[in-house]
Structure formats: C-alpha cells, structure tokens
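This report refers to the structure that appears directly beneath it.
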Amino acid sequence: TVVQHKVKIAAPQLALMKKLERDFIMTLPDGTVLEAKSAGALANMLMQMASGTVYETAWIEDMDNEDLDLTKVKKVHHIHDHKLDTLKEIVEEAKGTGKPLLVCYYYKASLDKLKKAFPKATVMDKAGSCIKDWNKGKIPLLFIHPMSAGHGLNLQQGGSTMIFYDLIWPLDNYLQVVGRIDRQGQTKPVLIILLVAEGTRDEGCAAALAAKEDRQDQFFASLKRLIREYRKNLAKAATQVVEEF
C-alpha cells in the first residue's frame, strides 16, 4: 500500500518556491540571492526546498594555496522543518506500536537534519553492517539512501514500513528500494509513506511515480496475456497435428 502523507507548507516558504519557479531567481530572508542556471538546476532546487533546505554553490579563494585557487563549496540554507515535524509525529506513533521504520533520504542536507532530530537512529553504511541487527528487530529507526540501498539487500525481516522523506524521480531506484522490504519472506503488509509537501514539486513527482508504475504494471499484464494466448495457440496447434497424424 502506498500512501501520500500531505505536508502543509507555510505561506512565506511556499511563496519563495513559487518565486524561484517563475523567475529562476529568489532572495532568501537573510538576503542571499540564489539563481537557477538551468531548468535541471531549477527542478533540483525546488525538490530540495520541498524537503526543507536548498544548496548554494559558491567559489571561494583558497587562502592556504599560494596561487589563491578558487575552491567549489556547497552551502546549505534552511527553508523549513515541516517535513521533519511530520516525521517526528509518525515516529512517535510507531513507538507505541513497536513498528520499526525505514526512512529514505536523498539529499545529504536532509540526512544531517534527520541525524540531528533523531540522534539514536542508525544510518545504513555502504557495507550494510547494520542489516543483521535490523532484521533481528534491534533497530527501530533506520535511514537509507535509495541509490546505495536499492539492490541486493534483504531487509524484509526487520520491518514493513518505509517512509520517503525526500521523493525521487527515477522509477527504477524507487521500485528497487521498495523491493528491499516488499519481497519473499515478508510476513506483514508493506506500507510505503510518501511525505508530499503540498503545492510543491513533490506533488508532480508523486504523480509521476504512480503513473509510471501503473503503465509498467499494465505493460506486464498485457505481456502475460500475450504469453497465455501464445501458449494456448501453441497447444491447440500441437493437438491438431496429433489428430491429423
């Protein structure tokens, strides 16, 4: 079951996103001016803001270098905590039921916020060293990245609820990470919760994922029908050959 958990964004922050979407440029409350250099950069910035932060890429002089070379750095600007507050409510409810939660993040800035808000949570490392503890029910809250935890991991024994803090566009990565708990050996109904910031690019992303998944399901369903018809016709042809013989 996939559920969209709507997250209401305050009017000032929502207006800021609309300004960026319309003009490719915006001014943050602290006076920082951020500009999207391309449509791709704009889409990425809007997705970041939907989750509560936005990156600023800047070039600074490296004073330790004799040639004063410029160094590329990323500065994170805080936009809101609405998704974080919503997640806190979900985590608190889960404590009462004893259900472990898997939380998917995409941006490092999101992970930093999550770690600060939930200092006792576990972050999945590249080696997957926490998998055994997760499957034994020793980890109540696990943070995972869909690109590094999307293939080959068996997490179905440790929990059945997955929350997408940051939404992602690639359908393959989405389905692969969901497949870590929605797989053979899972004994409980799987629940996928998408934290969707209202009025933001999150809504379009959630709709796109649903539409792509539906089309994929329709494709496989039609393929199965063709296979059944092919086998039926093949069996019929074989029967006719035997009768004629």
Chi angles and distances behind the side-chain contact (heavy atoms from CB on, under 4.5 Å) call for Leu34, Leu28
CA-CA 8 Å; Leu34 297 182; Leu28 298 178; 3.9 Å; yes
Side chain of [X], backbone of [Y]: donor and acceptor closer than 3.5 Å?
X      : Y      : value
Lys18  : Gly199 : yes
Asp125 : Ser129 : yes
Asn135 : Gly158 : yes
Trp134 : Leu155 : yes
Asp23  : Ile25  : no
Gln186 : Gly159 : yes

State plainly whether one hydrophobic cluster holds both [X] and [Y], where clusters connect Ile, Leu, Val, Met, Phe, Trp and Tyr through side-chain heavy atoms under 4.5 angstrom apart.
X      : Y      : answer
Ile181 : Leu87  : no
Val7   : Ile163 : yes
Leu102 : Leu153 : yes
Leu14  : Val196 : no
Leu84  : Leu141 : yes

Can you confirm whether [X] sits close enough to [Y] that some side-chain heavy atom of one is under 4.5 Å from a side-chain heavy atom of the other?
X      : Y      : answer
Phe143 : Thr122 : no
Leu46  : Thr200 : no
Met26  : Met49  : yes
Ile192 : Val3   : no
Tyr107 : Asn44  : yes
Gln4   : Asp202 : no
Glu56  : Lys74  : no
Leu191 : Ile193 : yes

Looking at every heavy atom in both [X] and [Y], which two are closest together, and how far apart are they?
X      : Y      : answer
Gln156 : Gln184 : NE2-O, 3.0 Å
Ala109 : Tyr55  : N-OH, 3.0 Å
Met17  : Ala50  : SD-N, 4.2 Å
Ile144 : Met162 : CD1-CE, 4.3 Å
His80  : Ser51  : CE1-C, 3.9 Å
Leu42  : Leu20  : CD1-O, 3.4 Å

Taking side chain to side chain contact (heavy atoms under 4.5 Å, CB included) as the definition, give me every residue that meets it alongside [X], ordered by chain and number, with sequence neighbours left out.
X      : result
His78  : Asp81, Lys113
Asn233 : none
Ala210 : none

Verdict with supporting geometry, Val2 and Leu194, side-chain contact (heavy atoms from CB on, under 4.5 Å)
CA-CA 7 Å; Val2 180; Leu194 307 180; 4.0 Å; yes
To the closest 0.5 Å, what do you measure between [atom1] ([X]) and [atom2] ([Y])?
X      : Y      : atom1 : atom2 : result
Leu142 : Cys130 : CG    : SG    : 5.0 Å
Arg228 : Arg231 : CZ    : CZ    : 10.0 Å
Lys83  : Ser110 : NZ    : OG    : 7.5 Å
Leu195 : His82  : CG    : NE2   : 13.5 Å
Leu111 : Tyr165 : CG    : OH    : 10.5 Å
Gln13  : Lys8   : CD    : NZ    : 12.0 Å

Within a 6.0 Å radius of atom NZ on Lys6, are there more than 12 heavy atoms belonging to other residues, nucleotides or ligands?
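Yes.
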Is Lys75 atom NZ crowded by more than 12 heavy atoms from other residues, nucleotides or ligands, each under 6.0 Å away?
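Count not over threshold, so no.
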Sequence-distant partners of Glu35, salt bridge (charged side-chain N to carboxylate O under 4.0 Å, His left out), two or more places apart:
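If we apply the salt bridge (charged side-chain N to carboxylate O under 4.0 Å, His left out) test to Glu35, skipping adjacent residues, the hits are Lys37.
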Asp166: what forms a salt bridge (charged side-chain N to carboxylate O under 4.0 Å, His left out) with it, not counting sequence neighbours?
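Applying salt bridge (charged side-chain N to carboxylate O under 4.0 Å, His left out) to Asp166 gives none.
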When you check the gap from the basic side-chain N to the acidic O, do Lys116 and Asp112 get nearer than 4.0 Å?
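So Lys116 does not pair with Asp112 through a salt bridge.
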Ring centroid separation for Tyr105 and Phe164, is it under 6.0 angstrom?
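No, the ring centres sit 6.0 Å or more apart.
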Under the ring pair (Phe, Tyr, Trp, His ring centres under 6.0 Å) test, residues paired with Tyr106 that sit two or more places apart:
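Tyr106: ring pair (Phe, Tyr, Trp, His ring centres under 6.0 Å) contacts with His145.
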How far apart are the C-alpha atoms of Ile168 and Cys205, what are their side-chain angles, what is the distance that settles it, and do they pass the side-chain contact (heavy atoms from CB on, under 4.5 Å) test?
CA-CA 7 Å; Ile168 59 175; Cys205 183; 5.8 Å; no
Quick one, Arg183 with Asn154, criterion side-chain hydrogen bond (donor to acceptor under 3.5 Å, both in side chains). Give me CA distance, side-chain angles, the key distance, then yes/no.
CA-CA 8 Å; Arg183 62 194 296 109; Asn154 294 304; 2.8 Å; yes
Evaluate the criterion side-chain contact (heavy atoms from CB on, under 4.5 Å) for residue pair Ile131 and Met124; output intermediate values, then yes/no.
CA-CA 8 Å; Ile131 293 178; Met124 174 75 75; 4.1 Å; yes
